[in-house]
Amino acid sequence: MSDHETHIRVRFAPSPTGHLHVGGARTALYNYLYARKTGGKFVLRIEDTDAKRSTVESYKGIIEAMEWLGLNWDEGPLRGGDFGPYTQSGRGVLYHNEVQKLIDNGNAYYCFCTPERLEEMRFEMKEKKLPPKYDGRCRELSEAEVAERLSKGVPHIVRFKMPHDGTVFFRDIIRGEFSFENGNLDDFVLIKSDGNPTYNFAVVVDDAHMKISHVIRGDDHLSNTPRQIHLYHALGYNVPKFAHLPMILGSDHSRLSKRHGATSIAYYRDRNYLADGLLNYLALLGWSLDGKRELFTHQALIEKFSLKKVSKNPAVFDDSKMKWINSEHLKKLPLTKKIVLVQGVLNDEGLLPPAFDVDISKPVDLKIVPGGEEMTGKKALNYNMNDKETERLGTIINILGNRLKLLNDVPDVIGYFYTDDYRVDEKAVRLHLLRSEVPNRMNKLADEYERLKYFDRESVEKVLRDLAFNLEITAGELIHPCRVALTGKIVSPDIFWVVVLLGKTKTVERLRKAAKFYS
RNA sequence: GGCCCCUUAGUCUAGUGGUCAGGACGCAUGGUUCUCAGCCAUGAAUCAGGGGUUCAACUCCCCUAGGGGCUACCA
C-alpha cells in the first residue's frame, strides 16, 4: 500500500431534508466499505445549507438510521474530529473567507440581479430555444459600482466567473474519462442572498478542507462535477478522485420518491428487518463480486468490496429479493441471538409474558429437534421469561426452522403458543373442522392425550397414529383438523412438536373447544 | 431546448471478439412430507433496434429509440 493510499478519506454528505432512503444508504454504505477496506476514514457531514428545507427531525432520523445500519463514521456529528464542525450551518465563516479569495483573485463576482429578472431572462431564452444560462449582466460591473450597491445594502449573491472557452477533463473511477465544454456551463451561484453557500460551493470547500480523497456519490452529481473542478482549481486545492454510483430507481424506473412506498431505512427497521440483511441487499444494488456469490456478512462485505466492480447501470429496488436476503441472514443467526430478537417482537406485540403456563412434563431434548441447535451460554432472561419459557421458545424457533423469513411474521406464525387470542383462519376451519365426523374425532384425540403420562413427541405421535388406525382413517385426517384446532391455521410446523410445545392442558382444551364449537 | 450518463430474462447481475450467453430472486413443474417452508431435480424467460469494423460481435465504432440526470439563490 502506497503512502497515498494510507490517507484515504471519504464522506457521506446527506442533507437533512427527509429520511435516509435506500439510495442514500447505499451511497453511505459504499463509502463506508471503501474506507474500512482501505483503512481510511469515513466522515459524516450534514449539508444543511438549505435553511428552508432542513429540519432537526431529518437530522436525527438520518443519524439514527446510520447507527442502526451499523455504518459507523469516524468523524462527524456525535463523534467530532479534527476537521469540524461537521454540519455546514456551523461553517459559515469558512465559506465567506473562501468566497472572498475568489472575489479577490477575480474568479467570482457580486450579482445584483433580482430573482424576478432571472426568471424573466430564463423565460425569454427558453422562448428563443437558447440554453437558459445566466447572461452575465453583473459580470463586468465596475469596482465602484459594486462598492456603491454594496454600501447601499442592495441584496446580492456571488457568482463564479466561468471561463467562456476551454474544456474541463476528469476521470471517474467507475466510468472513465470525461470532458465538458466550459461554454456549456454558466456563472453558477456560490453564495445565496441569505448568505448561505450553495451546494456546489459548500461541497468543494468542505471536501477540500476535510481532505476528502475520494468523492463517492450518486451519478446525479456527474453533471455538477465540472463546475466543482473549476472551483477546486480557482481555490487552489487538489482535485479529489471521483466515483459516481448508478442511481437506484423505483419499480417504474423513475427516480425513487415517496410514491414508491417503502424507501426509507426506518421503514425496514420498524418492520424488524435485519440491518445486516439490508446492508447485504443494498450492496448488491450496483455491485457484485463475481455474479455468483450474493450472501455476505457485514465483515465479508468489507473484505470483498471494490469500487472497480461497481456497475454503471441504474438498479431497480426489488422487494422480494430483499426479503430473501433478509431470510437468509435470519437463518444464519445463532439460536441465542434469534431468541432475543423473537422475544423482542413478541414483547412488542404484547405477547409476553405468555398468557398461560405450559408445563412440559419432560424437558425437550434439543438434540432430537429437526435441525435443532442447542442453546449455548446462559439463557436469555428477557421480558419476564423464565428459563423454562426461554427454552421452550428456543425449541419453538428450532421447529419453525426456515419457515421464519421475517421477524415481523413472528406474532402470526407462533402467536398461538403465547395467547388464546390468536387469529383463526376461516378457510382452514371450513376445510378441516366443519365436517360432521370431525368433532367426535377431536374429542377422542383429546381423551387419548389427557390419558397420556409422558407428553413427549414420540408418545404424542404414537397416540395419534394409533387412533387413526383404530378409526380406520389416515393420520392426515386427524392431523389436519388437529392443526386447525390448535393453531387456527392451515399451516404450521410439525404438528407433533406443536402439540408437545403447547402442552397437555392447552392441547386438550383446544381440541375440546373445537369439537364443541364446530359440532 | 442544450449538455451528460445508462441499456444482457420481470428484477439484480457475470461476461470484455470465437461461451450451449453463467448465477441469483421471482415464476412454473415434479420428488420428499401431516400442511407449509425447506431441500433436491427440472423448466419457461435475456444481449433495445439499425448500420458498420472483422473470418467472427453481447463484447469495438456510429446512428436511432428508450430510461435517467444536470441545466435553481435544492442538495
Side-chain angles (χ1 to χ4, degrees), chain A residues 13-17 47-50 52-54 111 113-115 118-119 122 125-133 155-159 172 175 178-181 183-186 188-200 202-203 218-227 244 246-247 249 251 253-255 281 284-295 309 311-325 327 331 370-371 400-405 413 428 432 461 464-465 474-480 482-484 487 489-496:
Chain A
S15 67
T17 53
E47 309 216 326
D48 58 349
T49 55
D50 185 344
K52 289 185 208 74
R53 295 199 305 144
S54 299
C111 172
C113 295
T114 63
L118 293 175
E119 204 173 315
R122 235 175 269 123
M125 295 188 127
K126 231 174 175 176
E127 291 277 278
K128 292 181 196 158
K129 304 241 183 226
L130 289 168
K133 288 167 44 174
H156 60 274
I157 57 177
V158 180
R159 287 182 183 275
D172 185 277
R175 289 151 201 276
F178 284 90
S179 67
F180 284 81
E181 301 289 328
N184 289 322
L185 273 18
D186 73 345
F188 60 97
V189 178
L190 265 19
I191 301 287
K192 305 183 244 183
S193 54
D194 66 1
N196 280 327
T198 57
Y199 161 74
N200 276 311
V203 248
D219 75 5
D220 46 338
H221 292 297
L222 200 51
S223 306
N224 282 321
T225 309
R227 289 177 245 280
H244 286 96
M247 301 198 70
L249 271 21
S251 48
H253 289 82
S254 73
R255 190 182 195 145
Y281 179 63
L284 257 24
L285 241 34
W287 169 83
S288 75
L289 215 213
D290 52 13
K292 301 238 193 289
R293 181 174 167 189
E294 313 207 87
L295 264 14
K309 301 224 69 178
S311 85
K312 295 186 185 67
N313 13 343
V316 171
F317 190 86
D318 179 25
D319 222 53
S320 73
K321 181 128 184 187
M322 208 203 57
K323 281 190 175 132
W324 176 76
I325 300 253
S327 75
K331 235 191 243 183
L400 204 51
N402 296 322
R403 269 168 281 245
L404 186 61
K405 295 176 178 298
V413 171
H432 297 297
E461 175 165 7
L464 185 142
R465 290 197 189 279
T474 63
E477 285 178 274
L478 234 32
I479 285 171
H480 296 300
C482 176
R483 168 175 289 115
V484 181
T487 70
K489 290 174 203 316
I490 215 160
V491 305
S492 84
D494 177 283
I495 191 63
F496 304 114

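Computed from heavy atoms alone, side chains included, the values below leave out hydrogens, waters and symmetry copies. Residue numbers start from 1 in every chain, and the chains themselves are labelled A, B, ... in the order their sequence lines are given, proteins ahead of strands.
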Participant: I'd like the P distance from G2(B) over to A45(B), given in whole Å.
Facilitator: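 Taking atom P in both A45(B) and G2(B), they lie 41 Å apart.
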Participant: Taking the minimum atom-to-atom distance to the side chain of Asp318(A), which one of U13(B), C25(B), G1(B) wins?
Facilitator: C25(B)
Participant: Tell me: NE2 of His156(A) to P of C73(B), nearest whole Å?
Facilitator: 15 Å
Participant: Less than 4.0 Å between a side-chain N and a carboxylate O, is that true for Lys309(A) and Asp290(A)?
Facilitator: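 Salt bridge: no.
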Participant: Toward the 5' end of RNA chain B, which comes first, Ile495(A) or Lys321(A), by nearest nucleotide?
Facilitator: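 First, find each residue's nearest nucleotide; the 5'-ward one identifies Lys321(A).
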Participant: Between U46(B) and C58(B), how far is it from one C1' atom to the other, in whole Å?
Facilitator: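 Per the computed distance, 10 Å lies between those C1' atoms.
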Participant: Scan Thr49(A) against the nucleic acid and name what it touches under 4.0 Å (heavy atoms): base, sugar-phosphate only, or nothing.
Facilitator: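 Here Thr49(A) touches the backbone only, sparing every base.
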Participant: More 5' along RNA chain B: Glu47(A) or Asn402(A), using each one's nearest nucleotide?
Facilitator: Asn402(A)
Participant: His221(A) and Tyr199(A): aromatic ring centres closer than 6.0 Å?
Facilitator: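 His221(A) vs Tyr199(A): aromatic centres under 6.0 Å.
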Participant: With rounding to the closest Å, how many angstrom separate the P atoms on C5(B) and G10(B)?
Facilitator: 27 Å
Participant: Kindly point out which of C5(B), G1(B), A75(B) is positioned nearest to the side chain of Asp50(A)?
Facilitator: A75(B)
Participant: Using a strict cut-off of less than 4.0 Å between a Lys/Arg side-chain nitrogen and an Asp/Glu carboxylate oxygen, indicate whether Glu294(A) and Lys321(A) qualify as a salt bridge.
Facilitator: yes
Participant: State whether Arg53(A) and Asp48(A) are salt-bridged, where the test is any N-O pair (Lys NZ or Arg NE/NH1/NH2 against Asp/Glu carboxylate O) under 4.0 Å.
Facilitator: no
Participant: C1' atom, A56(B) versus A24(B): distance in rounded Å?
Facilitator: 31 Å
Participant: For the C1' atoms, the ones on G26(B) and on A9(B), what distance do you get once it is rounded to whole angstrom?
Facilitator: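 Roughly 12 Å separates the two C1' atoms.
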Participant: If you compare every side-chain N and O of Lys405(A) against the phosphate oxygens of G38(B) (OP1, OP2), does one of them come in below 4.0 Å?
Facilitator: yes
Participant: G50(B) and C36(B): how far apart are their P atoms, nearest whole angstrom?
Facilitator: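 That atom pair is separated by 47 Å.
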Participant: C12(B), C3(B), U35(B): which one has an atom nearest the side-chain heavy atoms of Asn184(A)?
Facilitator: C3(B)
Participant: Counting only side-chain heavy atoms from C-beta out, which of C70(B), U35(B), C73(B) sits nearest to Val189(A)?
Facilitator: C73(B)
Participant: For A57(B) versus U42(B), give the span between their C1' atoms, rounded off to a whole number of Å.
Facilitator: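 My reading of the C1' atoms in A57(B) and U42(B) gives 32 Å.
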Participant: Any idea how Tyr281(A) and Phe317(A) line up, ring-wise: parallel (<30°), tilted (30 to 60°), or perpendicular (>60°)?
Facilitator: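 Geometry flag for Phe317(A) against Tyr281(A): perpendicular rings.
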Participant: Determine the interatomic distance between P on U33(B) and the same-named atom on A28(B); round to the nearest Å.
Facilitator: 23 Å
